[in-house]
Number of protein chains: 2
Amino acid sequence: MMNRSTMKPTAGELEILRVLWDRGPSTVREVHEELSRSKDVGYTTVLKLLQIMAAKGMVTRNENQRAHVYEARRPADETKRELADDVLQRVFGGSASQLMLHALEGRPTSRQEIEELRRMLDDYERGLR
Amino acid sequence: MMNRSTMKPTAGELEILRVLWDRGPSTVREVHEELSRSKDVGYTTVLKLLQIMAAKGMVTRNENQRAHVYEARRPADETKRELADDVLQRVFGGSASQLMLHALEGRPTSRQEIEELRRMLDDYERGLR
DNA sequence: TTGACATTACGAATTCCTTCGTATATTGTG
DNA sequence: CACAATATACGAAGGAATTCGTAATGTCAA
C-alpha cells in the first residue's frame, strides 16, 4: 500500500474530511447529519467510507463509546497543502500564478478579495526573510 | 452522460490533454513519444485513452491520414479554469486566498514568483474596472 | 505482389470508488 | 426481561479508470 502519510483522499473521502476538520472528532451519525444537509447519502455509506478511511490510516477511530468517534489523522493544512500542490503540478506545471489566474477567472471575484490576496502575499513574503 | 462541455478529465486524460495543449494536433505516436519521456506507458494504452476521450467528445479526431490526428476540443484555458475552480470549491470552500496560501506552502517559492503573483493580481484587477 | 511494419479496433482483466442491503450486536426503556 | 432503537460489520453490485494483448487493417518498399 501507498505511504499512508501522503495518501490523496478521493472525492468522497474529502467531503468527510472536511466535516471532520470543521467539527472535530465526530460519530458516524454526526458526519452523516452534516453531509445530509447538502446531499442525499445513506447512513451506512458514510459508515463504510469512514471504515475504509480508518483502514487506510486516514482517520483514527476511538471505540470507547458504542458510537465510535472518528478523527482526521493528519492536520487539515497538511492535506490541503498536498491537494493544492497536486493540482498545481498536474494542471499548471508548477506555475502558481497560472493557478491563481485561472482560479480567479473561474468565478466572480471581488476587489476586496484581491486586496486580501495582496495582504496574504505580503505576509507570506515576510515569512521568507 | 454528463454534459460534454463540462466533463472533468481524469488523471490520465489530463496528461494527454497537456501534451495536446503543448504540441497542438498530434498522432497517437507523437503523444506516446512525449509521454514516454516521463513515464513508462504502452502505445495501445495511449491509443485507447485517446479513443475514449474522442468518444466522450473531449478530443476531436481527424482521420484524413492513416495515422489519425487528435486535438483537444476545448481551449486549454477553459479546462484549466474548471479544474482550478473545482479544487477551489471542493478543498477550500471557495476561498482563493486559502488556496494560494497552501499552494505556496506546498513547495519552495521564490521572491520572483511572488512578484509575478502581484503583477498577476494587478492585471486581473485592471480587468475588473 | 508480398512481406514487414505501422496503425487502429476491440475485448478483457484488474483495480478502485461508491453505494447500499442485510446481518448482527448493543443499549436503554417500558 | 424483551422489544425497539441504534450501531457496527461485511459482502457485494455497479461503474469508472487504467492497462495491455491480440486481431484486423492499411501502407510502403523490395
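In what follows, chains carry the letters A, B, and so on, assigned in the order in which the sequence lines appear, proteins first and then strands, with residues in each chain numbered from 1. The figures that follow rest on heavy atoms only: side chains count, while hydrogens, waters and symmetry mates do not. Here the structure is a predicted model, which means the values were calculated and not measured.
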One character per nucleotide, please: for nucleotides 16-26 of chain D, 5' to 3', B when the base has a protein heavy atom closer than 4.0 Å, S when only the sugar-phosphate does, - otherwise.
-SBBBBB---B
What is the distance, rounded to the nearest whole Å, between atom CG of A:L47 and atom C1' of C:dT18?
14 Å
May I ask you to check whether B:R81 and B:T79 show a side-chain donor-acceptor distance below 3.5 Å?
no
Provide, to the nearest angstrom, the distance between the OH atom belonging to A:Y70 and the C1' atom belonging to D:dT8.
8 Å
Measure from CD on A:E63 to P on C:dA25 and round the result to the nearest Å.
16 Å
When the distance from CG of B:N62 to P of C:dT7 is rounded to whole Å, what number comes out?
15 Å
Can you list, in residue-number order, the parts of residues 28-37 of chain A that come under 4.0 Å of DNA chain D, counting heavy atoms only?
A:V28, A:R29
Under a 3.5 Å cutoff, is there a donor and acceptor pairing between the side chains of B:H102 and A:D77?
yes
Starting from C1' on C:dT7, measure out to CG on B:L50 and report it in whole angstrom.
13 Å
Closest non-hydrogen atom pair between A:L128 and B:R111, with its separation:
CB-NH2, 3.5 Å
Please lay out, stage by stage, how A:R118 and B:E125 fare under the test salt bridge (charged side-chain N to carboxylate O under 4.0 Å, His left out).
CA-CA 11 Å; A:R118 287 213 180 84; B:E125 190 172 38; 2.9 Å; yes
Can you give each donor-acceptor pair under 3.5 Å made by side-chain atoms of residues 44-54 of chain A, sequence neighbours left out, with the distance rounded to 0.1 Å?
none

Apply side chain to side chain contact (heavy atoms under 4.5 Å, CB included) to A:E13 and A:T10, showing your working.
CA-CA 5 Å; A:E13 288 167 349; A:T10 67; 3.3 Å; yes
Counting N and O atoms only, with roles assigned by atom type, does the side chain of A:R107 sit under 3.5 Å from a partner on the main chain of B:G94, one being a donor and the other an acceptor?
yes
Inspect the contact between B:R119 and B:D122 and indicate whether a charged nitrogen and a carboxylate oxygen are less than 4.0 angstrom apart.
no
Quick one: is C:dC10 close enough that its OP1 or OP2 comes under 4.0 Å of any side-chain N or O from B:Q51?
no
